[in-house]
A.B. asks: 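Mind looking over this structure? Questions follow.
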Amino acid sequence: MERPGPSEGADASEPDPQLAVTMGFTGFGKKARTFDLEAMFEQTRRTAVERSRKTLEAREKEEEINREKELRRQNDDTEPTSSGLNIVRDSSKSSSRDTSSSESEGSSDSSDELIGPPLPLKMTKEPVNLMEEDILGPLPPPLSEEGEDEDDDDDSEEEENPVQKIPDSHEITLKHGTKTVSALGLDPSGARLVTGGYDYDVKFWDFAGMDASFKAFRSLQPCECHQIKSLQYSNTGDMILVVSGSSQAKVIDRDGFEVMECIKGDQYIVDMANTKGHTAMLHTGSWHPKIKGEFVTCSNDATVRTWEVDNPKKQRSVFKPRTMQGKKVIPTTCTYSRDGNLIAAACQNGSIQIWDRNLTVHPKFHYKQAHEPGTDTSCVAFSYDGNVLASRGGDDTLKLWDVRQFNKPLFSASGLPTMFPMTDCCFSPDDKLIVTGTSVQRGRGNGKLVFFERRTFQRVYEIDITDASVVRCLWHPKLNQIMVGTGNGLAKVYYDPNKSQRGAKLCVVKTQRKAKQAETLTQDYIITPHALPMFREPRQRSTRKQLEKDRLDPLKSHKPEPPVAGPGRGGRVGTHGGTLSSYIVKNIALDKTDDSNPREAILRHAKAAEDNPYWVSPAYSKTQPKTMFAQVESDDEEAKNEPQWKKRKI
């Protein structure tokens, strides 16, 4: 039976209408259209061959034109006469004729008649007959030259050696304070850096507006007397998540103004899932990489909570880490995966638990002894491809995990001392290196920034930062610059002028501005430019004359009385006097001078009373006898004058 071709339509016979109505649709009963695949393949092959032939002909014409130009230039150099030019033209014409004849007859004799040096190897080769070889598609690219091979080898070597991409040739130092820099945050564009420390301060640094003095343009204390533990810009760069030692996380905008504050939960509720917020100290927090306004926090109340900026009165969801026996355990760090679908947390019992963002009941992955129990795992970080998880343990180790096979660590590195609960780790922008810091005791060496290769986990590079611990590290993918927070209050930025972009390169080229000496006025004047002259206050030209006028004014030059210390004196009541007795003392002007000797206080007025008697003495001046005081005898005289009968009795 002969197959119908691709151009033939369906069978002309109409389907049975009754059958179509019975089955419920009108197309039932029609025969399927058939195609001849061999004919289609043959037609496709012919089209490809025809296109290849046209491409080859175009290349041959281009080579012929180039060959003619080359021969003409060479003959102009050797024989500049007109006869030589004619010979070249004749030879080029004959060569073109021979080339066209060689395409039809299969032979090429024109190469013997060419004048000048021999043609290159690529030009002298005969074209391949595509119809005989049955080659489909365009021709393969020509072989690369030796120089290109060497360049490719250099590029491959550079790609194989990621250490050369580390931007550490230059550095700048930002003075945050005197205490540990425990938090670093850089916005997605790389324009602003925020630092937080144990001194409760959060400082803002603007690379574009900063000069060589490297001074922060704003400093504030968003959490009052709580240490700053984590700072992170949102994925849009307009908000900053501030996690401190309190139980309430805050969100501030780019200028430091508060946007929202999470609610505090009820600490007397047993089930932490039934309260609206955290009830104990926070550890860290992280923004969702895709959804705007969502972030996660973990706390000492043994919960991991997700929040929304638009709803600060209650968390979005609650995750409760548990041990294998079902007991609650405190999470020390948490983060989102790169796609935002997973939430990973490390706990105090050494376990790492990973949940699905939308399923809060049971963890999706649970490895119970990732690090030594009893040590605080300070950081978990996902790679940019989302397949690998790095964990920085309090047991001085750094481990690498495959999320797809979360049953054992891929690699582990030890000998990385840490003394801070927020020592972190991060991946390089190309995902080939892993970076972490080491801690040292004061005066016992330098803190280091250690680089590990992800593929082999070899310790490939180190940077001596300072004579203090390295707490925070951040490698920005757009700037290709490394930010480091240290234990002595410094924030360092490492960059390379050739490999890095913007960031620290913007401020190092600006010279330090000189401070302007502004005149200090005795009084601040508010000058309204559109007010009438009669309402304008005269502007002070000199402060000396104003001071002289103020000195002559008895009201302005009056020295205020010092505050009353104690219960009050001289009719003035102390600051604490708010009772009825204090009010009476204030009205009767009672002097409560405390005299230590009352007899001396009375005799102080005796001479004045005797010289000028006024009250009692004048009434008895005629009848009052003269006052005579008895003489005081010594003990020996009293014994002599004592009667005899007393002596006998003794």
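What you are looking at is a predicted structure, and each value in this text was computed from that prediction instead of being measured.
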A.B. asks: Would you indicate whether the side-chain heavy atoms of Trp307 and Val296 approach each other to under 4.5 Å?
C.D. replies: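 When only atoms from C-beta onward are counted, Trp307 and Val296 do not touch, as no gap falls below 4.5 Å.
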A.B. asks: Would Ser234 and Asp238 count as having a side-chain donor-acceptor pair, cut-off 3.5 Å?
C.D. replies: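 Looking only at side-chain atoms, Asp238 and Ser234 do form a donor-acceptor pair, the distance falling under 3.5 Å.
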A.B. asks: Would you check if the side chain of Asp253 reaches a backbone N or O of Phe257 as a donor-acceptor pair within less than 3.5 Å?
C.D. replies: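 Answer holds: yes.
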A.B. asks: Minimum heavy-atom separation for Pro289 and Asn235, please, with both atom names.
C.D. replies: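 Pro289 and Asn235 have their closest heavy atoms at O-ND2, 3.2 Å.
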A.B. asks: Arg454 side chain to Ile434 main-chain N or O, any donor-acceptor pair under 3.5 Å?
C.D. replies: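 Flag not set: sc Arg454 to bb Ile434 has no pair under 3.5 Å.
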A.B. asks: Would you say the side-chain atoms of Ser391 and Thr377 include a donor-acceptor pair closer than 3.5 Å?
C.D. replies: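 Thr377 and Ser391 do not have a side-chain donor-acceptor pair below 3.5 Å.
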A.B. asks: Would you say the rings of Phe365 and Trp355 are close, in the sense that their centroids are separated by under 6.0 Å?
C.D. replies: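 Not close enough - the centres of the two rings lie 6.0 Å or further apart.
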A.B. asks: Is a side-chain donor-acceptor pair under 3.5 Å present for Tyr367 with Gln353?
C.D. replies: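 Tyr367 and Gln353 do not have a side-chain donor-acceptor pair below 3.5 Å.
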A.B. asks: Between Arg472 and Ser182 (side chain of the first, backbone of the second, donor and acceptor by atom type, cut-off under 3.5 Å), is there such a pair?
C.D. replies: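 The answer is yes, because a donor-acceptor pair under 3.5 Å joins these two groups.
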A.B. asks: Would a line drawn from the ring center of Phe427 to the ring center of Trp475 be shorter than 6.0 Å?
C.D. replies: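 Ring centres of Trp475 and Phe427 not closer than 6.0 Å.
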A.B. asks: Do any N or O atoms from the side chain of Thr332 and from the backbone of Ser378 form a donor-acceptor pair under 3.5 angstrom?
C.D. replies: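 Answer holds: no.
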A.B. asks: Around atom CZ of Arg254, are there more than 12 heavy atoms of other residues, nucleotides or ligands at under 6.0 Å?
C.D. replies: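 Above 12, so yes.
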A.B. asks: Cut-off 3.5 Å, no hydrogens considered: what does the side-chain donor-acceptor table look like for residues 276-285, sequence neighbours left out?
C.D. replies:
unit_1 : atom_1 : unit_2 : atom_2 : d
His278 : ND1    : Asp301 : OD1    : 3.4
His278 : ND1    : Asp301 : OD2    : 3.2
His278 : ND1    : Thr303 : OG1    : 3.4
His278 : ND1    : Arg305 : NE     : 3.4
His278 : NE2    : Thr297 : OG1    : 2.8
His283 : NE2    : Asn300 : OD1    : 2.6

A.B. asks: Return yes if a side-chain donor-acceptor contact under 3.5 Å exists between Ser246 and Ser244, otherwise no.
C.D. replies: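 Present: a donor and an acceptor within the cut-off.
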A.B. asks: Show your working on ring pair (Phe, Tyr, Trp, His ring centres under 6.0 Å) between Tyr233 and Trp287 and close with a plain yes or no.
C.D. replies: CA-CA 8 Å; Tyr233 273 92; Trp287 286 101; 9.7 Å; no
A.B. asks: Yes or no on side-chain contact (heavy atoms from CB on, under 4.5 Å) for Ile352 and Trp401, after CA distance, side-chain angles and deciding distance?
C.D. replies: CA-CA 10 Å; Ile352 295 179; Trp401 308 82; 3.9 Å; yes
A.B. asks: Would you mind reporting whether Val194 and Ile240 have side-chain heavy atoms less than 4.5 Å apart?
C.D. replies: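 They are in contact (side-chain heavy atoms under 4.5 Å apart), so the answer is yes.
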A.B. asks: Does the pair Tyr494 and Ile166 meet the rule for a side-chain contact (heavy atoms from CB on, under 4.5 Å), with working shown?
C.D. replies: CA-CA 9 Å; Tyr494 289 86; Ile166 299 176; over 6 Å; no
A.B. asks: If you define the side chain from C-beta out and look only at heavy atoms, does anything of Leu389 sit under 4.5 Å from Phe406?
C.D. replies: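 Yes, side chains in contact.
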A.B. asks: Does Arg51 have more than 12 heavy atoms from other residues, nucleotides or ligands lying within 6.0 Å of its CZ?
C.D. replies: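 Open: at most 12 neighbouring heavy atoms sit under 6.0 Å from CZ of Arg51.
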A.B. asks: Which pair of heavy atoms, one from Gln481 and one from Gln501, lies closest together, and at what distance?
C.D. replies: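 What the structure gives for the nearest pair is NE2-O, 3.3 Å.
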A.B. asks: Yes or no on side-chain contact (heavy atoms from CB on, under 4.5 Å) for Ile252 and Val242, after CA distance, side-chain angles and deciding distance?
C.D. replies: CA-CA 7 Å; Ile252 60 177; Val242 182; 3.9 Å; yes
A.B. asks: Test salt bridge (charged side-chain N to carboxylate O under 4.0 Å, His left out) on Lys313 and Glu308; report intermediate values, then the result.
C.D. replies: CA-CA 10 Å; Lys313 298 301 182 183; Glu308 292 178 348; over 6 Å; no
A.B. asks: State, to 0.1 Å, how close Gly394 and Thr375 come at their nearest heavy-atom pair, and which atoms those are.
C.D. replies: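 Result for this residue pair: C-CB, 3.8 Å.
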A.B. asks: Would you find a donor on one side and an acceptor on the other, under 3.5 Å apart, between the side chain of His288 and the backbone of Phe295?
C.D. replies: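 It does not hold such a pair.
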A.B. asks: Can you find a pair of side-chain heavy atoms, one from Lys203 and one from Leu174, that are under 4.5 Å apart?
C.D. replies: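 No; the side chains remain at least 4.5 Å from each other.
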A.B. asks: Considering all heavy atoms of both residues, which atom of Leu474 and which atom of Gly185 are nearest to each other, and what is their separation?
C.D. replies: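 So the two residues come closest at CD2-C, 4.4 Å.
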A.B. asks: Considering the options Arg392, Glu372, His371, which one meets the side chain to side chain donor-acceptor pair (under 3.5 Å) requirement together with Thr397?
C.D. replies: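 Among Arg392, Glu372, His371, the one meeting side chain to side chain donor-acceptor pair (under 3.5 Å) with Thr397 is His371.
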A.B. asks: Measuring from atom CG of Asn446 to atom CD1 of Ile463, what distance do you get when rounded to the nearest 0.5 angstrom?
C.D. replies: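 Reported to 0.5 Å precision, the distance equals 13.0 Å.
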A.B. asks: Quick one, Glu258 with Lys250, criterion salt bridge (charged side-chain N to carboxylate O under 4.0 Å, His left out). Give me CA distance, side-chain angles, the key distance, then yes/no.
C.D. replies: CA-CA 7 Å; Glu258 182 177 326; Lys250 284 188 177 182; 3.6 Å; yes
A.B. asks: State, yes or no, whether a side-chain contact exists between Asp211 and Cys507 at a heavy-atom distance under 4.5 Å.
C.D. replies: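 Asp211 does not reach Cys507 side chain to side chain.
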A.B. asks: Contact between Cys473 and Asp424 at the side-chain level, heavy atoms closer than 4.5 Å - yes or no?
C.D. replies: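 In contact.
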A.B. asks: Does the Lys432 side chain pair with the main chain of Glu453, one donor and one acceptor, at a distance under 3.5 Å?
C.D. replies: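 No; judged by distance alone, with no hydrogens or angles, the pair does not exist.
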A.B. asks: Set out, in order, the CA-CA distance, both residues' side-chain angles and the distance that settles salt bridge (charged side-chain N to carboxylate O under 4.0 Å, His left out) for Arg218 and Asp201, then state yes or no.
C.D. replies: CA-CA 10 Å; Arg218 183 165 295 133; Asp201 289 339; over 6 Å; no
A.B. asks: Measuring from atom CH2 of Trp205 to atom CD1 of Ile172, what distance do you get when rounded to the nearest 0.5 angstrom?
C.D. replies: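 Nearest 0.5 Å value for the CH2-CD1 distance: 9.0 Å.
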A.B. asks: Please find the pair of heavy atoms, one from Asp187 and one from His476, that lie closest to each other, and give the distance.
C.D. replies: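 Heavy-atom minimum between the residues: O-NE2, 3.1 Å.
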A.B. asks: Looking only at atom types and distance, does a side-chain atom of Asp385 sit under 3.5 Å from a main-chain N or O of Asn387, one as donor and one as acceptor?
C.D. replies: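 Looks like yes, one N/O pair under 3.5 Å.
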A.B. asks: Could you walk me through whether Asp168 and Tyr461 satisfy the side-chain hydrogen bond (donor to acceptor under 3.5 Å, both in side chains) test, starting with their C-alpha distance in whole Å, then the side-chain angles of each, then the deciding distance to 0.1 Å, before giving a yes or no?
C.D. replies: CA-CA 11 Å; Asp168 64 333; Tyr461 197 68; 2.3 Å; yes
A.B. asks: Taking side-chain hydrogen bond (donor to acceptor under 3.5 Å, both in side chains) as the definition, give me every residue that meets it alongside Asp356, ordered by chain and number, with sequence neighbours left out.
C.D. replies: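 Not a single residue meets the side-chain hydrogen bond (donor to acceptor under 3.5 Å, both in side chains) criterion with Asp356.
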A.B. asks: Using a 4.5 Å cut-off on heavy atoms from C-beta on, say whether the side chain of Asn488 contacts that of Thr466.
C.D. replies: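 In short, these two side chains touch, coming nearer than 4.5 Å.
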A.B. asks: Does Arg357 pair with Asp339 as a salt bridge, N-O distance under 4.0 Å?
C.D. replies: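 Result for this pair is no, no salt bridge flagged.
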A.B. asks: Tell me, please, whether Phe451 has Arg459 positioned over its six-membered ring: NZ or CZ under 6.0 Å from the ring centre and within 45 degrees of its axis?
C.D. replies: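 No cation-pi geometry.
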A.B. asks: Mind checking whether Val163 and Val460 have side chains closer than 4.5 Å, heavy atoms only?
C.D. replies: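 Val163 reaches Val460 side chain to side chain.
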A.B. asks: Working to the nearest 0.5 Å, report the span between CZ of Phe319 and NE2 of His362.
C.D. replies: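 Between atom CZ of Phe319 and atom NE2 of His362 there are 13.0 Å.
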A.B. asks: Does Leu490 offer a backbone N or O that forms a donor-acceptor pair with the side chain of Lys175 under 3.5 Å?
C.D. replies: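 Here the side-chain-to-backbone pair does not exist.
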A.B. asks: Is Lys492 reaching over with its side chain to a backbone N or O of Ile465, donor-acceptor style, under 3.5 angstrom?
C.D. replies: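 Checking the backbone N and O of Ile465 against the side chain of Lys492, a donor-acceptor pair under 3.5 Å is found.
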A.B. asks: Apply side-chain contact (heavy atoms from CB on, under 4.5 Å) to residues Tyr200 and Cys223 and explain how you reach the verdict.
C.D. replies: CA-CA 7 Å; Tyr200 322 132; Cys223 301; over 6 Å; no
A.B. asks: Restricting to non-hydrogen atoms, name the atom on Pro312 and the atom on Met260 that form the minimum distance, rounded to 0.1 Å.
C.D. replies: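 In this case the closest contact between Pro312 and Met260 is CB-CE, 3.3 Å.
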A.B. asks: Taking Lys328 for the side chain and Arg322 for the main chain, is one N or O donor matched with an acceptor at less than 3.5 Å?
C.D. replies: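 Checking the backbone N and O of Arg322 against the side chain of Lys328, no donor-acceptor pair under 3.5 Å is found.
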A.B. asks: To the nearest 0.5 Å, how far apart are CE in Met324 and CG in Asn349?
C.D. replies: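 Rounded to the nearest 0.5 Å, the CE-CG separation comes to 10.0 Å.
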